[in-house]
Amino acid sequence: MRWWDIDPVLELEKDLFPEDAWSRGMFWSELAHARGASATRRYVVAEDGGRLVGYAGLAASGTASDSGSAAGADVQTIAVARDHWGTGLGGLLLTELLRAATAFECAEVMLECRIDNVRAQKLYERYGFEAIGFRRGYYQPGNVDALVMRLTMQSDSGSAAGSTSEQGTEING
């Protein structure tokens with residue numbers, strides 16, 4: 001994701017998350033940490049025929065050891081346009097984030113998912129995420145609980161194994 005992707009990302013964000021959509025400033029802030037030698041973020045977009053149809057972001061933090069590798073990462077967001085639901089695009093975006101977590105040398109990846117978003121929970125479970133708790137009233141202003149999930153990364157990076165784009169959808173970082 002680059003700065004010029006923010007406007008179409010915001011359109012999709014407002015469609016999919018009308019009550020708790022991120023602001024332009026939040027995306028700018030995340031992208032400010034996505035480039036350079038000290039990058040701690042990875043944001044990607046998916047396009048189909050030049051139209052932005054999905055995006056995802058990951059934040060790495062902490063250090064696992066004196067080597068300076070990240071102890072963990074958090075999936076910040078994954079969004080797929082409604083007309084691309086069921087195409088495997090969510091899995092492609094998640095795979096890109098897990099590749100980034102591997103590159104950041106993360107031991108684990110965490111995320112929060114709306115308790116009422118069973119479709120997303122099933123996606124995360126297919127990739128090995130396990131439910132570990134709840135955050136009451138996490139999504140505001142709707143006061144919707146979040147399911148907290150965790151994936152322990154495998155040392156052989158099997159959790160972030162490669163994928164290819166499908167149906168002409170292109171993933172761009």
| query | Atom CD of Glu130 and atom CD of Glu125: how far apart are they, to the nearest 0.5 Å? | reply | 9.5 Å

| Do Asn143 and Arg136 come close enough that some side-chain heavy atom pair is under 4.5 Å? | no

| task | Go through the steps to decide whether Asp15 and Glu11 satisfy the test side chain to side chain contact (heavy atoms under 4.5 Å, CB included), and finish with yes or no. | result | CA-CA 6 Å; Asp15 177 50; Glu11 288 177 30; over 6 Å; no

| field | Residue pair Arg51 / Ala81: nearest heavy atoms and the distance that separates them | value | NH2-CB, 3.6 Å

| query | For Leu147 and Ala131, which heavy atoms make the closest approach, and how far apart are they? | reply | CD1-CB, 3.7 Å

| field | Approximate separation, where rounding is to 0.5 Å, of Arg150 CZ and Glu108 CD | value | 5.5 Å

| said: Can you tell whether the side chains of Arg99 and Glu96 come within less than 4.0 Å, N to carboxylate O? | reply: yes

| task | Identify the two heavy atoms, one from Ala79 and one from Leu16, that lie closest to each other, and give their separation to 0.1 Å. | result | CB-CD1, 3.7 Å

| So do the side chains of Leu123 and Arg119 get within less than 4.5 Å of each other, counting heavy atoms only? | no

| How would you list, by chain and number, every residue that makes a side-chain contact (heavy atoms from CB on, under 4.5 Å) with Tyr139, sequence neighbours excluded? | Asp20, Glu112, Arg114, Val144, Ala146

| message | With a 4.5 Å cut-off on side-chain heavy-atom distances among I, L, V, M, F, W and Y, is there a chain of contacts connecting Ile132 to Leu94? | response | no

| query | Would Met26 end up clustered with Trp28 when hydrophobic side chains under 4.5 Å apart are linked, directly or stepwise? | reply | yes

| Shared hydrophobic cluster for Met110 and Leu151 (ILVMFWY, side-chain gaps under 4.5 Å) | no

| request: For a side chain to side chain contact (heavy atoms under 4.5 Å, CB included) with Met1, tell me which candidate from Val9, Val44, Leu52 qualifies. | output: Val9

| Is it true that a side-chain atom of Glu13 and a backbone atom of Trp22 form a donor plus acceptor pair closer than 3.5 Å? | yes

| request: Kindly give the heavy-atom pair with the smallest separation between Ala100 and Leu58, and that separation in Å. | output: CB-CD2, 3.9 Å

| said: Is it the case that atom CH2 in Trp3 sees more than 12 heavy atoms from other parts of the structure closer than 6.0 Å? | reply: no

| query | Which heavy atom in Ile78 sits nearest to a heavy atom in Ala56, and how many Å separate them? | reply | CG1-CB, 3.9 Å

| request: Look at the side-chain heavy atoms of Ile, Leu, Val, Met, Phe, Trp and Tyr, link any pair under 4.5 Å apart, and say whether Val75 and Phe17 land in one connected group. | output: yes

| Any donor and acceptor pair, going by atom type alone, linking the side chain of Asp74 with main-chain N or O of Leu111 inside 3.5 Å? | no

| Which atom pair, heavy atoms only, marks the closest approach of Tyr55 to Thr77? | CE1-OG1, 3.8 Å

| message | Go through it in stages, so that I can follow the logic: the residues are Met153 and Glu105, the test is side chain to side chain contact (heavy atoms under 4.5 Å, CB included), and I'd like the CA-CA distance, side-chain angles, deciding distance and then a yes or no. | response | CA-CA 9 Å; Met153 298 295 286; Glu105 299 181 5; over 6 Å; no

| Counting N and O atoms only, with roles assigned by atom type, does the side chain of Gln121 sit under 3.5 Å from a partner on the main chain of Ile115, one being a donor and the other an acceptor? | yes

| For Ala120, what residues pass the side-chain contact (heavy atoms from CB on, under 4.5 Å) criterion, not counting sequence neighbours? | Cys113, Asn117, Tyr124

| task | Identify whether Trp4 and Val53 are in the same connected component of the hydrophobic contact network (ILVMFWY, side-chain heavy atoms under 4.5 Å). | result | yes

| Can any side-chain N or O of Tyr127 pair as donor or acceptor with the backbone N or O of Thr95 at less than 3.5 Å? | no

| message | Looking at Gly25, is its backbone amide N or carbonyl O close enough to the side chain of Ser29 to form a donor-acceptor pair, meaning the two atoms are under 3.5 Å apart? | response | no

| said: To the nearest 0.5 Å, what is the distance between CG on Leu10 and CG on Asp5? | reply: 10.5 Å

| request: Carefully, step by step, assess Leu31 and Ile6 under the rule side chain to side chain contact (heavy atoms under 4.5 Å, CB included). | output: CA-CA 10 Å; Leu31 291 180; Ile6 291 177; 3.9 Å; yes

